[in-house]
Amino acid sequence: MVSNNSPHSFVRIGGVKLSQVYPSPDSDVGTDIDIIAIHGLDTDSATTWVWKQRDSERTDVNWLKDANMLPRRVPAARIFTCDWPASLFKDKLTIEMTAKELARSLLLAIQSRPGASPTRPLLFIASCLGGIILIQAMAVAAECGSEYNMLWAATRGIVFLATPFRGTAFQEIAAMALVDTGSARLDIVTNPIPLQRAHVLMNKFYGPEDLGYHAVAGKIEIMVGDMRQARPIDQANAWIRNKQYSLENLRIERLSGELLPMDRCYINLAIIEQLNNRYSHPIENSPFSLLARLKVEKSQKGKDVTLSTLFEPRETLNGQSRPSRILIRGRAGVGKTTLCKKIVYEFTYGELWVGLFDYVLWVPLRNLKLAERRGIAGYNFQDLFCHEYFSQHPEGKTLASALWRALADTKVYRILFILDGLDEVSQDLDGKITKSVKHELTILAYFAFTGMNNDVIDFQSSHRDAISEHSDHPDPKFSLDDMLERVSFLRSSDYSSKKRDQSYHFLHLTFQEYFAARYFVQQWVDQKPLQCLVFSDGGVINIDPVEFLKRNKYNTRYDIFWRFVAGLLNEGGTMRFFQTIDEEPRDILGPAHQRLVMHCLSEVPSSIPKLLRLVEGALQRLGVQPYGALTL
């Protein structure tokens with residue numbers, strides 16, 4: 001891109017004035033295309049492109065410079081307005097002569113604009129009779145040997161707004177394949193874009209939600225994307241915005257079946273931050289209220305989260321940080337998909353999270369269950385994007401590939417995924433996610449178990465080195481430190497230190513106990529010995545899982561650990577586990593054994609008859625009469 005470093009905001013030549021309205025001339029925004037807007041007869045730029053508000057307290061809207069309108073659609077383009085002496089037609093020379101004179105002045109002003117280069121692409125927006133002047137200018141520029149031939153070559157598109165063409169030189173220009181247009185009165189170009197509005201409103205729009213603006217700006221965005229042949233990501237963005245996120249697609253269906261545009265729908269969405277404090281007492285609702293029926297709790301004071309502040313920095317154990325992953329839960333019909341549409345609408349046509357994200361991609365996850373998608377081996381992001389956004393585009397695979405590459409370039413592109421309906425595919429995803437991180441899970445489980453066996457909860461670099469030495473991973477470049485840094489439920493004691501000097505601990509001891517239990521269960525099921533690494537001397541002692549259970553079944557440090565083991569085992573492993581618990585050595589007095597059995601039993605299904613009989617017999621030997629519920 002070419003950075004605009006010129007301090008000048010306008011150029012005036014022969015009564016024609018070009019003024020840069022976006023970005024500001026002293027801005028460091030990179031741009032690679034120039035858009036020039038030319039007003040019509042008996043008016044000027046300040047009148048032509050501005051929507052005048054009837055309410056004096058509201059600000060008038062200039063769609064060419066408003067940050068939420070055309071500059072947002074084409075942020076890498078400079079936008080100019082062109083003022084010409086439109087009143088010159090009154091009591092002056094004939095239209096043909098005046099038009100030619102103005103056409104040459106226009107070409108000279110365009111050629112002299114700040115930062116101009118012979119190869120910099122041009123896109124024109126011409127209103128009413130301003131289009132006639134532009135047509136004449138293009139005819140002059142296209143003449144053989146014209147000093148403006150380079151402008152002719154650089155002009156890649158023109159958008160005419162309510163320009164009359166009969167009797168002009170436009171037919172010759174169109175025959176030379178210059179114009180890619182949209183105009184309410186363009187009747188000699190195939191497939192014009194009709195605008196359902198009065199003639200005087202063809203060139204002004206009241207805001208981003210204006211349907212006329214959406215049609216015109218959408219066409220401009222597509223044309224700019226076509227002009228940037230080297231940047232398919234821009235074409236992809238324009239296609240998603242104008243096709244997938246069109247105002248029609250974002251309409252809300254009422255209970256009556258009527259479809260309403262989003263700007264006519266009042267949606268009062270409230271997101272409640274859930275408290276995980278087990279000792280907090282929820283505020284009681286009436287059992288007959290709507291909140292009670294939907295199982296929605298009233299929030300505690302200060303816990304309501306508005307949509308605009310959803311990604312604001314929050315207080316965490318390690319200070320303030322901006323959330324990168326947010327889970328929003330709600331019962332069926334409560335409005336989760338409506339929320340998705342609301343987010344897309346506010347981001348696309350409003351100001352929501354404009355400074356935080358470059359793209360918002362809404363993915364209805366239920367579509368992943370479609371047969372044609374399940375049949376694709378190695379289904380990846382490119383396949384997903386192609387199906388969701390570009391299935392109707394002739395270059396869909398190219399655009400999907402560009403969007404996929406943008407995902408990896410996190411330094412340039414900030415992409416927000418809205419995954420709609422996670423509960424509908426969670427069972428499918430669990431297995432795929434576990435399979436994709438199989439080796440990492442195995443190492444993490446061994447890491448947690450080794451810490452428990454050595455009574456270590458804060459893992460120093462020496463501990464990690466010892467564990468790495470006895471861990472197997474198929475990737476020779478695998479680094480335990482790199483993996484631990486990415487695990488969300490591990491924390492470092494000092495982020496200011498170098499990575500090698502940092503120590504790591506689990507967010508809560510329960511996480512360590514859970515992953516340690518996974519390692520034990522894997523070795524138990526495979527009937528392989530536990531590799532008990534000893535940090536003090538670096539040696540490894542292989543212990544049979546059965547022997548380890550007998551040694552530590554009454555060890556209070558393993559109380560939660562054994563509960564996790566019981567819950568993770570399958571039916572066959574569970575029977576063997578409880579049989580081993582019931583073997584010697586046993587608690588002489590009985591309470592410790594009873595407690596262990598009951599705690600572990602609460603973690604397994606109650607539909608294993610053999611297990612129930614085994615437990616009943618064990619309790620009876622201890623002189624305990626089982627409750628009736630236990631024998632069902």
* Asked: Which residues satisfy the salt bridge (Lys or Arg N to Asp or Glu O under 4.0 Å) test with Glu209, sequence neighbours excluded?
  -> none

* Could you list the residues that satisfy salt bridge (Lys or Arg N to Asp or Glu O under 4.0 Å) with Asp482, not counting sequence neighbours? => Lys499

* Pair Lys243 + Glu248, salt bridge at N-O below 4.0 Å -> no

Is any side-chain heavy atom of [Y] closer than 4.5 Å to one of [X]?
{"X": "Asp34", "Y": "Pro121", "answer": "no"}
{"X": "Arg241", "Y": "Thr348", "answer": "yes"}
{"X": "Gln502", "Y": "Asp481", "answer": "no"}
{"X": "Asp420", "Y": "Arg366", "answer": "yes"}
{"X": "Pro23", "Y": "Arg78", "answer": "yes"}
{"X": "Tyr22", "Y": "Pro75", "answer": "yes"}
{"X": "Asp383", "Y": "Arg373", "answer": "no"}
{"X": "Thr81", "Y": "His39", "answer": "no"}

* Checking side-chain contact (heavy atoms from CB on, under 4.5 Å) for the pair Leu339/Leu307: CA distance, chi angles, key distance, verdict? -> CA-CA 9 Å; Leu339 174 62; Leu307 193 58; 3.9 Å; yes

* Heavy-atom neighbours of Lys341 NZ exceed 12 at 6.0 Å -> yes

Among [options], the one residue meeting side chain to side chain contact (heavy atoms under 4.5 Å, CB included) with [X]:
{"X": "Ile125", "options": "Ile79, Ile38, Ile36, Leu64", "value": "Leu64"}
{"X": "Trp51", "options": "Asn203, Leu201, Asp60, Asn62", "value": "Leu201"}
{"X": "Phe515", "options": "Val487, Ile443, Leu441", "value": "Leu441"}

Minimum heavy-atom distance between [X] and [Y], given as atom pair plus value:
{"X": "Gly131", "Y": "Ala126", "answer": "CA-CB, 3.5 Å"}
{"X": "Glu221", "Y": "Asn237", "answer": "OE2-ND2, 4.0 Å"}
{"X": "Val50", "Y": "Lys204", "answer": "O-CE, 3.2 Å"}
{"X": "Glu312", "Y": "Arg322", "answer": "CA-NH1, 4.0 Å"}
{"X": "Met69", "Y": "Pro208", "answer": "CE-N, 3.8 Å"}
{"X": "Pro323", "Y": "Leu310", "answer": "CG-O, 3.8 Å"}

How many angstroms lie between atom [atom1] of [X] and atom [atom2] of [Y], to the nearest 0.5 angstrom?
{"X": "Ile415", "Y": "Leu403", "atom1": "CD1", "atom2": "CG", "value": "5.5 Å"}
{"X": "Lys65", "Y": "Ser45", "atom1": "NZ", "atom2": "OG", "value": "10.5 Å"}
{"X": "Leu368", "Y": "His387", "atom1": "CG", "atom2": "NE2", "value": "10.5 Å"}
{"X": "Trp362", "Y": "Ile240", "atom1": "CH2", "atom2": "CD1", "value": "13.0 Å"}
{"X": "Glu346", "Y": "Trp353", "atom1": "CD", "atom2": "CH2", "value": "10.0 Å"}
{"X": "Glu253", "Y": "Glu258", "atom1": "CD", "atom2": "CD", "value": "10.0 Å"}

* To do: Go through the steps for Val363 and Ile418 under the test side-chain contact (heavy atoms from CB on, under 4.5 Å), then give the verdict.
  => CA-CA 6 Å; Val363 182; Ile418 303 176; over 6 Å; no

Looking only at atom types and distance, does a side-chain atom of [X] sit under 3.5 Å from a main-chain N or O of [Y], one as donor and one as acceptor?
{"X": "Asn249", "Y": "Tyr245", "answer": "no"}
{"X": "Arg251", "Y": "Leu260", "answer": "no"}
{"X": "Tyr213", "Y": "Trp63", "answer": "no"}
{"X": "Tyr389", "Y": "Leu384", "answer": "no"}
{"X": "Glu372", "Y": "Gly375", "answer": "no"}
{"X": "Asp66", "Y": "Val61", "answer": "no"}

* So Tyr345 and Tyr349, would you call those rings parallel, tilted or perpendicular, with 30° and 60° as cut-offs? -> tilted

* Asked: Where does the angle between the aromatic ring planes of Phe385 and Phe417 fall among parallel (under 30°), tilted (30 to 60°) and perpendicular (over 60°)?
  -> parallel

* Apply side-chain hydrogen bond (donor to acceptor under 3.5 Å, both in side chains) to the pair Asn68 and Arg73, showing each step before the final yes or no. => CA-CA 8 Å; Asn68 292 315; Arg73 289 293 191 103; over 6 Å; no

* Step by step, work out the side-chain hydrogen bond (donor to acceptor under 3.5 Å, both in side chains) result for His508 and Tyr514. => CA-CA 10 Å; His508 192 277; Tyr514 167 76; over 6 Å; no

* To do: Run the ring-centre check on Phe124 versus Phe160 and record whether the distance is less than 6.0 Å.
  => no

* Asked: side-chain contact (heavy atoms from CB on, under 4.5 Å) between Asn380 and Trp404: does it pass, once the steps are laid out?
  -> CA-CA 9 Å; Asn380 56 29; Trp404 190 20; 3.5 Å; yes

* To do: Go through the steps to decide whether Leu211 and Phe205 satisfy the test side-chain contact (heavy atoms from CB on, under 4.5 Å), and finish with yes or no.
  => CA-CA 9 Å; Leu211 292 177; Phe205 310 102; over 6 Å; no

* Asked: Does the pair Glu388 and Asn367 meet the rule for a side-chain hydrogen bond (donor to acceptor under 3.5 Å, both in side chains), with working shown?
  -> CA-CA 9 Å; Glu388 284 297 328; Asn367 294 341; 2.9 Å; yes

